[in-house]
Amino acid sequence: MREENLTLRGMRNLLPDEKAKLNRIEGEIRRLFKIYGFQEVETPTIEPLELFELKSGEEIRHRMYRFTDLGGREVVLRPEATASIVKLVVQEMRSVPLPIKIGYVLNAFRYDEPQYGRYREFKQGGFEIFGAKSPLADAEILEISSRLMEGLGIKDYYIKIGHEGVLRAALNHFSIEESVQDRVLGLIDKERLTEAFEILGSLRKGGEAINIIRSLWEIKSRDPDEAFRRTGEVLKEIPEAVNQLENLREIIELAKASKVGEFLIDMGFARGLDYYTGMIFEVYVKNLKIAVNGGGRYDKLAGLLGWDVPAVGCAPGIDRLSLAMDEKTVPRDDLVCMIISMVKEGDIIAAKLAGMLRLTGVPTLVDYTRRDVSKALSYASKRNVKYVALIGGREVEANTVVLKNMGTGSQEELEIEQVVEKLSSYSLQKA
RNA sequence: GCCGCUGUAGCGUAACCAGGCAGCGCGGUGGCCUGUGGAGCCACUUGUCCGAGUUCGAAUCUCGGCAGCGGCCCCA
């Protein structure tokens with residue numbers, strides 16, 4: 001019988017090199033949790049359908065892995081993490097002092113067509129701040145996003161940033177109701193302006209709205225001052241929109257103060273998730289056309305779940321960061337010692353030495369095969385082992401081992417305590 | 001959902017355009033060589049994604065399916 005492809009479309013087996021690279025990225029994310037005071041949590045992979053029907057956005061909603069479980073419940077594999085995290089905070093953390101800073105590293109699932117940087121199961125990290133309205137919190141999320149890129153050695157990135165509040169304030173000004181706003185912003189996000197304008201055109205004050213939105217959409221600039229000046233011009237008749245714009249200006253000013261990298265201000269930028277209310281952004285790597293991180297402010301989402309608390313956050317895509325990293329692989333953890341027992345009588349010494357080395361924290365392999373010494377050495381060499389301990393008839397007699405340095409080829413005969421002493425400097429420190 | 005490219009042993013590849021014995025590398029197994037030749041040598045191992053068509057003859061050309069990769073759309 002021949003096995004067919006037993007891996008599902010869009011799913012991946014992660015081999016040692018790729019997995020090591022992903023671990024490196026997760027490690028960097030967790031390091032930032034500590035530095036910025038985020039506490040890591042985990043939520044269920046499977047969630048009730050309602051949780052994501054609230055405010056996920058049409059695009060994501062119809063790409064969910066969705067099924068009825070054996071108890072008759074309508075469930076989904078989480079298509080993203082934010083809704084779950086908000087639920088966790090709302091349901092379990094009401095007595096924790098604000099602001100609450102939550103971090104996570106989770107997988108998520110979307111039934112998209114697989115392509116470059118897109119898989120049906122993917123991993124994202126996340127940083128979410130609850131209970132802070134200040135632009136300082138928005139700026140901190142940008143700062144973290146920037147530090148993450150630098151921490152991974154990715155220099156050529158920029159942050160595309162816009163403000164959902166500005167767009168919504170403008171639409172509110174023309175009394176356009178929220179569900180229509182969601183649809184229109186969704187279309188603008190997809191650059192389908194004509195369709196968005198058709199919808200607006202059919203409304204009472206639609207014509208004026210179209211002019212404003214079109215003007216905003218045209219403002220895309222790497223120079224924040226220029227972008228804000230032009231936007232201020234466009235919005236001067238709409239005080240609430242001017243307030244929202246001021247919020248974005250402050251956020252960028254604060255972010256600049258903490259050395260956040262290059263911005264691309266895009267006033268026509270909207271995101272596919274309906275829950276955003278303020279600043280929104282995506283991080284791009286030049287010459288890689290896909291976003292590696294995205295986020296923004298969502299002050300109303302928690303309220304829908306029963307606790308009206310403002311929030312801002314971001315979700316870096318771990319698989320995509322891996323694609324963006326210059327280093328193709330990260331160095332493997334080197335093994336320090338391999339013990340080769342050439343005769344049965346040597347096995348007891350091998351077991352004893354291996355036990356002592358491992359208790360000391362020295363990464364150690366035992367050769368189980370009793371193959372030719374030369375073949376065992378070949379294996380040790382390919383596995384990047386630093387030292388080989390050989391035990392043959394003579395060593396059994398003398399109660400010693402021969403320790404060979406694989407780098408230099410030199411070797412010496414030692415008692416096992418001396419081997420442990422010599423290799424103890426390679427001990428992995430306890431976590 | 002639509003479009004393009006690709007599919008050869010466990011893995012990586014050659015032969016495909018221009019139809020004619022499917023070859024190589026790595027790996028695995030067994031063996032030879034006094035216990036370090038990090039080797040070498042010998043033997044074995046295993047394959048044209050699935051299905052139809054054209055042809056004396058198909059890995060090769062045609063059609064369909066499936067899958068992988070990538071593009072559109074959207075996102076992480």
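- Comment: Asp112(A) does not engage Arg9(A) in a salt bridge, judged by the lack of any side-chain N to carboxylate O separation of less than 4.0 angstrom.
- Residues that satisfy the side-chain hydrogen bond (donor to acceptor under 3.5 Å, both in side chains) test with Lys133(A), not counting sequence neighbours, are absent from this structure.
- Where Arg320(A) and Met406(A) meet RNA chain B, the nucleotide closest to each residue was compared, and Met406(A) sits on the side nearer the 5' end.
- For residues 113-125 of chain A, proximity to RNA chain B is found at Glu113(A), Gln115(A), Tyr116(A), Gly117(A), Arg118(A), Tyr119(A), Phe122(A), Gln124(A), defined as any non-hydrogen atom under 4.0 angstrom from a strand atom.
- Going from atom CG of Leu15(A) over to atom C1' of C11(B) covers 10 Å, rounded to whole Å.
- In the set C75(B), C73(B), G71(B), the nucleotide with an atom closest to the side chain of Lys289(A) is G71(B).
- Taking the side chain as every heavy atom from C-beta outward, Ile144(A) and Phe38(A) approach each other to under 4.5 Å.
- Within the 4.0 angstrom heavy-atom criterion, only backbone atoms of the sugar-phosphate kind lie near Val292(A); the bases stay farther away.
- Lys123(A) has its side chain within reach of Glu26(A): a pair of non-hydrogen atoms, C-beta onward, lies under 4.5 Å apart.
- Applying the salt bridge (charged side-chain N to carboxylate O under 4.0 Å, His left out) test to every pair with at least one member in residues 280-295 of chain A, sequence neighbours left out, gives these pairs: Glu262(A)-Lys286(A), Arg271(A)-Glu282(A).
- Taking atom C1' in both A76(B) and G65(B), the straight-line distance is 32 Å, to the nearest Å.
- Nucleotides C5(B) and A52(B) are separated by 23 Å at their C1' atoms, to the nearest Å.
- A cation-pi arrangement is absent between Arg120(A) and Phe109(A), since the terminal nitrogen or guanidinium carbon is not both under 6.0 Å from the aromatic centre and inside a 45° cone about the axis.
- Comparing A39(B) with G20(B), their C1' atoms are spaced 41 Å from each other, to the whole Å.
- Qualifying side-chain hydrogen bond (donor to acceptor under 3.5 Å, both in side chains) partners for Glu345(A), counting only residues two or more places apart in sequence or in other chains: none.
- Note: CG (Leu390(A)) to C1' (G38(B)) measures 11 Å, nearest angstrom.
- Residue Ala380(A) is classed as having no contact, given no heavy-atom separation below 4.0 Å to the nucleic acid.
- The interatomic distance linking Tyr111(A) (OH) with G1(B) (C1') rounds to 12 Å, in whole Å.
- Under a cut-off of 6.0 angstrom, the local environment of CD in Glu42(A) is sparse, with at most 12 non-hydrogen atoms contributed by other residues, nucleotides or ligands.
- Among residue pairs with one or both ends in residues 347-361 of chain A, those qualifying as salt bridge (charged side-chain N to carboxylate O under 4.0 Å, His left out) are Asp347(A)-Arg370(A); sequence neighbours excluded.
- For residues 303-321 of chain A, the pairs satisfying side chain to side chain donor-acceptor pair (under 3.5 Å) are Arg12(A)-Asp319(A), with sequence neighbours left out.
- Of the P atoms belonging to G4(B) and C63(B), the separation is 11 Å, rounded to the nearest Å.
- The residue Ser374(A) sits close to a base: some heavy atom pair falls under 4.0 Å.
- Counting only heavy atoms from C-beta outward, the side chains of Leu248(A) and Phe228(A) approach each other to under 4.5 Å.
- The interatomic distance linking Arg12(A) (CZ) with G70(B) (P) rounds to 10 Å, in whole Å.
- Stem analysis of RNA chain B (at least three stacked-register Watson-Crick or G-U pairs, each with both distances under 3.5 Å) gives B:1-7 with B:66-72, B:10-13 with B:23-26, B:27-32 with B:40-45, B:49-53 with B:61-65.
- Distance, Leu323(A) CG to C75(B) P: 19 Å, rounded to whole Å.
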Show each protein N/O and nucleotides 26-30 of chain B N/O combination with a separation under 3.5 Å, one pair to a line.
| residue | atom | partner | partner atom | Å |
| --- | --- | --- | --- | --- |
| G27(B) | OP1 | Lys382(A) | NZ | 2.8 |

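- Backbone-only contact: Asn293(A) has heavy atoms under 4.0 Å from sugar-phosphate atoms and none from a base.
- Here C69(B) presents its P atom at 12 Å from CG of Asn13(A), a figure rounded to the nearest Å.
- As rounded to the nearest Å, G23(B) and A43(B) have P atoms that lie 15 Å from one another.
- The residue Gly10(A) sits close only to the backbone: its heavy atoms come under 4.0 Å of sugar-phosphate atoms, none of a base.
- Ile290(A) comes within 4.0 angstrom of a base, heavy atoms only.
- Following rounding to the nearest Å, Tyr276(A) (OH) and C75(B) (P) show an atom-to-atom distance of 10 Å.
- Comparing G51(B) with U8(B), their P atoms are spaced 16 Å from each other, to the whole Å.
- Applying the side-chain hydrogen bond (donor to acceptor under 3.5 Å, both in side chains) test to Asn107(A) and every residue at least two apart in sequence or in another chain returns Arg78(A), Glu121(A).
- Atom P of G12(B) sits at a distance of 13 Å from the matching atom of G7(B), rounded to the whole Å.
- Atom NZ of Lys160(A) is surrounded by more than 12 heavy atoms from other residues, nucleotides or ligands within 6.0 Å.
- When the C1' atom is compared between G47(B) and U54(B), the two are found 25 Å apart, to the nearest whole Å.
- RNA chain B is contacted by Gly392(A), Gly393(A), Arg394(A), Glu395(A) of residues 392-400 of chain A, taking any non-hydrogen atom closer than 4.0 Å.
- Here salt bridge (charged side-chain N to carboxylate O under 4.0 Å, His left out) pairs that include residues 391-417 of chain A, with residues two or more places apart or in two chains, are Glu412(A)-Lys422(A).
- In this structure, CG of Leu377(A) is placed 8 Å from P of G37(B), rounded to the nearest angstrom.
- With sequence neighbours excluded, no residue forms a side-chain hydrogen bond (donor to acceptor under 3.5 Å, both in side chains) with Lys386(A).
- The environment of Glu150(A) atom CD is dense: over 12 non-hydrogen atoms of other residues, nucleotides or ligands sit within 6.0 angstrom.
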